[in-house]
There are 4 protein chains.
Amino acid sequence: MWLQTSCDLLFEIAIPTPFVLMLRPRSGALQWIAREEYKIVPSLPVMEFTDNYGNLCQRLVAPAGNFSISTSSRVMTADSLDRAPGAAFVEVQNLPDAVLSYLLPSRYCEADRFGQMASQITAGCLPGYDQVAAIETWLRNTFRYEPGVSDLLLSAQEVNHQPSAVCRDLAHLGIALCRSLCIPARMVVGYLHDLYPMDLHAWFEAYVGGRWYTFDATQYALSETSRKGGYVALGYGRDAADVAIFNQYGPAVFPIEQHVTVQLCDSETD
Amino acid sequence: MWLQTSCDLLFEIAIPTPFVLMLRPRSGALQWIAREEYKIVPSLPVMEFTDNYGNLCQRLVAPAGNFSISTSSRVMTADSLDRAPGAAFVEVQNLPDAVLSYLLPSRYCEADRFGQMASQITAGCLPGYDQVAAIETWLRNTFRYEPGVSDLLLSAQEVNHQPSAVCRDLAHLGIALCRSLCIPARMVVGYLHDLYPMDLHAWFEAYVGGRWYTFDATQYALSETSRKGGYVALGYGRDAADVAIFNQYGPAVFPIEQHVTVQLCDSETD
Amino acid sequence: MWLQTSCDLLFEIAIPTPFVLMLRPRSGALQWIAREEYKIVPSLPVMEFTDNYGNLCQRLVAPAGNFSISTSSRVMTADSLDRAPGAAFVEVQNLPDAVLSYLLPSRYCEADRFGQMASQITAGCLPGYDQVAAIETWLRNTFRYEPGVSDLLLSAQEVNHQPSAVCRDLAHLGIALCRSLCIPARMVVGYLHDLYPMDLHAWFEAYVGGRWYTFDATQYALSETSRKGGYVALGYGRDAADVAIFNQYGPAVFPIEQHVTVQLCDSETD
Amino acid sequence: MWLQTSCDLLFEIAIPTPFVLMLRPRSGALQWIAREEYKIVPSLPVMEFTDNYGNLCQRLVAPAGNFSISTSSRVMTADSLDRAPGAAFVEVQNLPDAVLSYLLPSRYCEADRFGQMASQITAGCLPGYDQVAAIETWLRNTFRYEPGVSDLLLSAQEVNHQPSAVCRDLAHLGIALCRSLCIPARMVVGYLHDLYPMDLHAWFEAYVGGRWYTFDATQYALSETSRKGGYVALGYGRDAADVAIFNQYGPAVFPIEQHVTVQLCDSETD
C-alpha cells in the first residue's frame, strides 16, 4: 500500500537549544520512500549523520522563539505483516555480527532480569518465532493498552508493575523478554496506518528464522497467519533511548503542538 | 540559494538487470535537502544501503522492457564557494583516520605517477590550499574543457595526453596531482546551477586547513576570493569508479534518454 | 610505564555454550600493545569482529567439559593520568557525531533520572572538566569503595541507595551524572597497576575540552594535577552491558577460576 | 597447522616521516592469532585504527635515523585450501552490501577493460567457482612466475603485456578478470608457508557460492580438490593500493633490510 505520512512539531524555545532529530525515514527491506519533505522554520544550518543503527539523524541548534519542523513522506509498505509460525530460533553462534548487540540489556529493556518470566510465558513453545508470538499474545492479554503518550519513559521492569501501558511500554517489555531467551529484539518507532488516535507509534522486531519480523502487541491478529500491515519505520535501535524522534539538550523543551497524519493513497503520486 | 534539481533516466532493458544507483542526495556540511522524490517505473522492490563513503545507494533488478527513474530534489546550497588562500597543508600524521584513504591512488587517479609533475605545477606555492589552487588554474589553462560526456572513462594518465577533457577528466587529473603532494582529494558528482549545456557534473574536493574545499577547473574564478556556487552533491568517492550514478551488471545498458535540470527557486517551497 | 598483564579464566561447561569475549586490548591514543597472547584450551574455531565501539570481540562455542582462556599483553601506558582543570564543556552542537551516543541513557546509567542531583553536586563548578572532577570527588567521599566483584550488576539508581560500591558501580553512577549534564561519558574495563586486591577493574572517561579524560573514584588523587596512571583498557562502551569481558548465552556459567596479574616491567621485552 | 611468522623492517630515515603500517594480522574466518608481537625501535607514539576493509592500521611518525619494526605472530591456519568446483555464481542482486565494492575497478585492477578477455578464458565454464579456477589456471600457464618484488607496481593492463610476473601482478590480473565477470574479488597480502624464496606474498580471493575462496596462481594445484594451505593474511583490500604493508609519505624511503620468516610449529606454544 502507498501511505502519505506527516509529522509536524512546534516548539517554543527559550534559549538556543541543540537538537538531534530522527525524522527522515530510510528505504529498506520493508519500505520504499518515494517522496520526502523536511522543512524547518526558521531556516538554519542542519548537519546529518548516520548513527550506529543506520538511522539518519539531523543535528541543529534551534534559536530562541518559535521553531517548527514539518516532515512528510510517501511510502510503499506491505498491506500485511509477514508471519512465520515455526520459524526457528537462530543459535547465538550463527547470528550475524551486527545482530549480536540486540541481545544485550539496554536502558529500558533490562533483559538480564526477565529470564524466568520469559520461560514461563513461552513454556511449551518451539524455540524461535513461536516464542515471540507467545510473548506478544501475553502482552496483549495482560496489559490494558492505552493509546497516547506517557510523559515518563518507563523501563520493562517498571512497566511490568502497571495494569496499563502505552505502545512503547509494550515494546520495551516484549524486547526484554525476547532477549532473555537469546532472541535478538529491537525497537522501532514510526507511523502506523489506521492507528487510533493517530500519533507516532512504537513496536518491536525479533530476529528468528534468519531475518527480522515485526511484532506489535497493540494490534489484533486477524488470524494465525494474517496481520494488518501499514507500518512505516523512522528509526531502529535497542530501545527508546536510541530512537527518540528528537533528543534535545539543555533545559527541557516539549512540543507545544505535535500533529501526525497517515493517509492511504491510490498511487505513488496522487 | 534554493535549487530544484531533477534527473530522469530511461532504459530499454533486454534481460533482467541488477543496478546499484546513487541518485539520492544527502544533507551534509554543504547542502540541506528539503524535499526529494525518487520514482521508479515499473514499481519494484528496492533496497538501500550506505556505502563506505557515506553515500546512499539503491539496489534493484530492472525487468525486461522500458525502465525509468525520475528523481528530483529541493536543496539549499551556498551562493559562492568558500575560498581560503593560505590555508595550511595538513601533515599526514594530523589527518583524521577517515581521510587517509583519500591519499591512495585509485582506478582513475594514478597518484603514484604524478609526483614530479605536481611539484613543477605548484613550484613556489605555499603548501596547502595554494597548491590546489595552482593545480586548478593549471588544469583550466592546459585543457580545452569540452562539456558533455565521453563514452570512455579515462584515467588521469590518459587524460594527461589529451588536448581536451570533460569535467570528470579534469577532476581525475586534479585529484591525482593533489594526492601526489600528500593532499587528500576526492571526487564529487552531482548538479551545478547554470552549467551549460545542463547535465550531471563532476568536480573535486581537497582537504586543506582542516576541512574539505571544493575545486572545479571547468568554472571561471570570479576573483581570488570569490567563486560561483550552486553545487549539489549526489555522491563522494575516490574517483568515478566509486560514484557512478548507476552501476549496472551484465550486458552493457545505456540510458536511451537522460534529462537533467537545475532551477533557481525563490524559496523552499515555491 | 611498561606493564605485563594477564587474565586467565577457567570454566566448567555443562553443554556447548556460545561466548562473546572481549579480552584483546587494542592500541589506541592511551596505550600501545607490544605483545599479546590469547590461548584457548581446548583449541577450537574462533571468529573475531569489531563492535560498534571499536572493540575486538571473539566469538566461539565452548564445548562441554573444562574450558580455559589465557590471555596476556605487554603494554606501554602513561605513568600518570592527564588532568585538565578548567578544560571547557563542549556544547552538544560541537561534539563529534561518534561521541553523541555517549550522551544517551543506557542500561546501567539512567542519565534521564539524575539531572537535579548532578546540578547539586557540581554547583559552582565551571562547566566541563571541573564538573566531572567534582562528581568524582563526591563519589569518593560518599561511597565506601569495596574492592572485588558483586554478583549482581546494579544500575546507577540502585547504586545510589547503597552505602558501598564496587568499581563498576562507581563508574555507572559517575557516567549517569555526567550525561545528565550533557557531558559524554563512557565505561572502560581493563587492568590497573597496583590495584589491591588485584582483579579486573572498571572506570570511566568523560569528554571535555575536546578529548576523553580518565576518571576513577576508587583511586586517590595525589594532588590537584597529578594522578597515578597504569591503566590498560580492554573495552569501551556505554556501560557494563557493552563491555562484559565475556557474554555467554544459555544456562548461566561462571568461571570456576579467574586470575588476573599486572606487573611493572623495566622494558618492552624483559 | 601452527605457523610462526615474522617480518622485520629496517629504515634509514632522513627527515621525520609519517607512516601507515598494516602489519598486525587479525583473527578471522580463516586464521586464529594466538600470539603476536609488534616492536618499534626507537619507541614512539603509535595510533591504531580500523580501515574500511577491517584491517588494523598503525600510524606513526618515524624520526630521523635508524628506524626498525619487528613483528611476529603465532597463527593457526588451514593445511589445505578449501576447493569447491561447481560452487555457483552469486547474482549481483544477492550479494551482501559489503561485498559490492569488490566488483568495482580499482587502481591496479582495471576490470572495466577485461570483459572480452575474461569471457574467452572462461568459455564453457559453469558460472562461479569454475570460472575463477579457469582464470587461475590460465594465469599459471601464461606467465612465468618470478618470485621476488618488482620495484614498480604494475596494473592488470600493464601486467598483461609482460611475459613474467610477480605474485602481486598475478593477483591483480586475476582480480580484474573476475570482476569483469561480476565475480567480487579482493587482494590479500600476508605470509605463505614454504614460499621460496621466503618473502611477503600476495594472492586473491573470489566470492562464489556465498563465501570467499582463496586463489593463488603462483602455487601448483595438488589435484582438482586439494591445494596446499599455510596462508596467513595481513590485510585485505581492492588491490595493492589498499594493502600496502607500509605507506610512507614525503620523500620516498625504502627498507634497507627486510626479513621475513614462516616456520611450521608443533603446537601453539613450542
Side-chain angles (χ1 to χ4, degrees), chain A residues 16-20 44-53 57 59-62 90-98 100-101 103-113 115 152-153 155-158 176 179-184 237-244 247-252, chain C residues 16-20 44-53 57 59-62 90-98 100-101 103-113 115 152-153 155-158 176 179-184 237-244 247-252:
Chain A
T17 298
F19 278 78
V20 177
L44 44 79
V46 188
M47 288 293 299
E48 194 169 87
F49 71 100
T50 305
D51 71 11
N52 279 339
Y53 307 96
C57 303
R59 301 177 65 170
L60 56 83
V61 181
V90 181
E91 291 188 276
V92 171
Q93 58 268 41
N94 299 324
L95 290 172
D97 292 342
L100 282 177
S101 69
L103 286 174
L104 298 174
S106 60
R107 170 65 185 92
Y108 299 108
C109 305
E110 305 100 330
D112 46 318
R113 308 264 169 108
L152 191 62
L153 276 158
S155 76
Q157 286 194 112
E158 292 166 331
R179 290 185 191 160
S180 75
L181 298 169
C182 292
I183 295 175
R238 292 200 206 164
D239 63 26
D242 290 329
V243 292
N247 274 308
Q248 153 266 327
Y249 301 91
Chain C
T17 298
F19 277 79
V20 178
L44 45 78
V46 189
M47 288 293 299
E48 194 168 88
F49 71 101
T50 305
D51 72 10
N52 279 339
Y53 307 95
C57 303
R59 302 179 63 170
L60 56 84
V61 181
V90 181
E91 290 189 277
V92 172
Q93 58 268 40
N94 298 325
L95 290 171
D97 292 342
L100 282 177
S101 70
L103 286 175
L104 298 174
S106 59
R107 170 64 186 94
Y108 299 108
C109 305
E110 306 100 330
D112 46 318
R113 309 263 170 110
L152 191 62
L153 277 157
S155 76
Q157 286 193 112
E158 292 166 330
R179 291 185 192 159
S180 75
L181 298 169
C182 291
I183 295 175
R238 292 200 206 163
D239 62 27
D242 290 330
V243 292
N247 274 309
Q248 151 267 326
Y249 301 91

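Just so we're on the same page: letters track the sequence lines, and every chain starts at 1. Just the heavy atoms: all of them, side chains too, but no hydrogens, waters or symmetry mates, feed the values below.
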Go through the steps to decide whether A:Arg238 and A:Tyr53 satisfy the test side chain to side chain contact (heavy atoms under 4.5 Å, CB included), and finish with yes or no. CA-CA 9 Å; A:Arg238 292 200 206 164; A:Tyr53 307 96; 3.3 Å; yes

Does C:Asp239 come within less than 4.0 Å of C:Arg179, counting only side-chain N to carboxylate O? no

Is C:Leu103 close to chain A through its backbone or its side chain, or both, or neither, when contacts mean heavy atoms under 4.5 Å? side chain

Heavy atoms of A:Ala156 and A:Glu110 approach each other most closely as N-OE1, 3.3 Å

With a 3.5 Å distance limit and no angle check, can you tell me whether A:Gln93 reaches the backbone of C:Val61 through a side-chain donor-acceptor pair? no

Closest heavy-atom contact between A:Glu158 and A:Leu153? OE1-O, 4.1 Å

Can you say whether A:Val92 sits under 4.5 Å from chain C via the side chain, the backbone, both, or neither, judging by heavy atoms? both

Can you say whether C:Tyr108 sits under 4.5 Å from chain A via the side chain, the backbone, both, or neither, judging by heavy atoms? side chain

Engaged part of C:Asp112 at the chain A interface, taking heavy atoms whose separation is under 4.5 Å: side chain

C:Leu60, C:Thr50, C:Leu104, C:Asp97: which one forms the most heavy-atom pairs within less than 4.5 Å of chain A? C:Asp97

If you count heavy-atom pairs under 4.5 Å between each of C:Asp51, C:Leu100, C:Val20 and chain A, which one has the most? C:Leu100

Counting heavy-atom pairs under 4.5 angstrom with chain C, the leader among A:Ser106, A:Ala241, A:Gly115, A:Cys182 is A:Ser106

At their closest point, which heavy atom of C:Ser180 faces which heavy atom of C:Ala111, and how far apart are they? CB-O, 3.4 Å

